[in-house]
Amino acid sequence: MSEIAVLLSGGLDSSVLACWLARQGRLARAISADYGQRHRCELAAAAAVAAHLGVAHHVVQLSDLARHLPGSALTDATVPVPDGHYEAASMRATVVPNRNMVLIAVAAGIASAHGLSGLALAVHAGDHAIYPDCRPAFVSALQGALVTALGDGFRLEAPFVQLSKANIVRCGHEVEAPFALTWSCYKGGARHCGQCGTCTERREAFALAGVDDPTEYDHV
Ligand SMILES: [Zn+2]
């Protein structure tokens with residue numbers, strides 16, 4: 001089966017995807033980016049997951065990008081990270097305009113340069129409400145562009161695109177994903193805050209999946 005790369009943020013979803021692909025013997029490389037995200041501790045998590053799986057890990061430096069992207073709580077320190085449920089309107093503050101287009105373009109080029117046949121990304125159904133660049137229409141449009149740019153054989157794979165986060169946790173449990181190595185919290189403190197949108201979603205997903213959550217949260 002053809003080998004591919006994974007776009008690995010160090011979060012729960014992409015880490016499970018990396019483990020799922022590794023279990024199939026398809027994962028050759030993991031690619032992360034420092035785009036100036038405030039929770040850049042996720043990059044250490046990505047490195048730990050890649051090391052756990054024994055695959056090469058690229059960290060692309062795009063850290064200056066955040067300086068040019070005002071208004072997102074993920075890249076602009078003057079915007080508070082919202083608490084609450086992930087699908088709440090307040091979570092729109094965590095959108096980074098066109099981020100996935102940038103990251104996928106960079107990572108697909110790296111994958112192709114290393115002779116790989118595709119790139120996997122871990123967008124899922126829970127992302128669709130607020131993140132336009134996580135929706136199936138975006139993935140299929142970009143697949144068309146990448147085939148034009150990199151050749152007919154290049155595939156942009158998004159196997160979790162219709163899954164809930166709880167189902168991703170179930171999948172991770174089956175493939176023995178190292179959940180404790182992953183990082184979700186957008187606040188980027190020493191531990192997961194337990195209150196921001198992505199912490200809330202992470203906790204709910206473990207509870208719904210009936211899988212033990214090894215995460216240490218500041219607010220229980
Ligand atoms: Zn948090």
Side-chain angles (χ1 to χ4, degrees), residues 7-19 32-50 52 59 62-63 65-66 69-97 99-100 103 121-134 160 163-173 177-220:
L7 190 57
L8 180 66
S9 69
L12 181 63
D13 313 321
S14 61
S15 296
V16 170
L17 177 57
C19 295
S32 307
D34 180 347
Y35 59 94
Q37 63 269 52
R38 290 164 67 185
H39 59 303
R40 69 181 57 195
C41 52
E42 70 176 5
L43 295 170
V49 170
H52 174 83
V59 181
L62 300 169
S63 54
L65 195 56
L69 288 171
S72 170
L74 269 56
T75 52
D76 184 342
T78 68
V79 180
V81 174
D83 289 343
H85 198 271
Y86 213 55
E87 294 190 354
S90 62
M91 286 304 291
R92 292 187 193 283
T94 64
V95 173
V96 180
R99 179 190 64 179
N100 285 357
L103 300 188
L121 62 154
V123 295
H124 65 90
D127 289 331
H128 300 170
I130 55 170
Y131 299 115
D133 55 358
C134 291
F160 295 169
L163 290 190
S164 68
K165 201 172 184 85
N167 279 329
I168 292 175
V169 169
R170 288 189 188 100
C171 173
H173 184 63
F179 290 125
L181 297 181
T182 68
W183 184 270
S184 294
C185 183
Y186 283 154
K187 292 185 180 174
R191 301 199 308 171
H192 283 75
C193 78
Q195 290 182 314
C196 75
T198 188
C199 278
T200 301
E201 193 194 39
R202 180 182 176 107
R203 297 173 84 149
E204 281 184 2
F206 276 102
L208 287 168
V211 172
D212 281 344
D213 182 355
T215 316
E216 294 184 359
Y217 297 100
D218 277 339
H219 297 272
V220 178

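Indexing begins at 1, ligand by ligand and atom by atom, following the structure's order.
- A donor-acceptor pair is defined here as one N or O able to donate and one able to accept, closer than 3.5 Å; such a pair exists between the side chain of Arg191 and the backbone of Tyr217.
- Residues passing the side-chain contact (heavy atoms from CB on, under 4.5 Å) test with Ser14, sequence neighbours excluded: Leu8, Ser9, Ala122.
- No more than 12 heavy atoms of other residues, nucleotides or ligands shown are found within 6.0 angstrom of NE2 on His173.
- Ring orientation note: the planes of Trp183 and His192 are tilted relative to one another, at an angle of 30° to 60°.
- Shown here are the protein N/O/S atoms lying under 2.8 Å from the Zn ion (ligand 1), water excluded: Cys185 SG, Cys193 SG, Cys196 SG, Cys199 SG.
- One finds a salt bridge joining Lys165 and Asp13 here, because a Lys/Arg side-chain nitrogen approaches an Asp/Glu carboxylate oxygen to under 4.0 Å.
- Glu204 contributes no side-chain N or O that, together with a main-chain N or O of Arg202, makes up a donor-acceptor pair within less than 3.5 Å.
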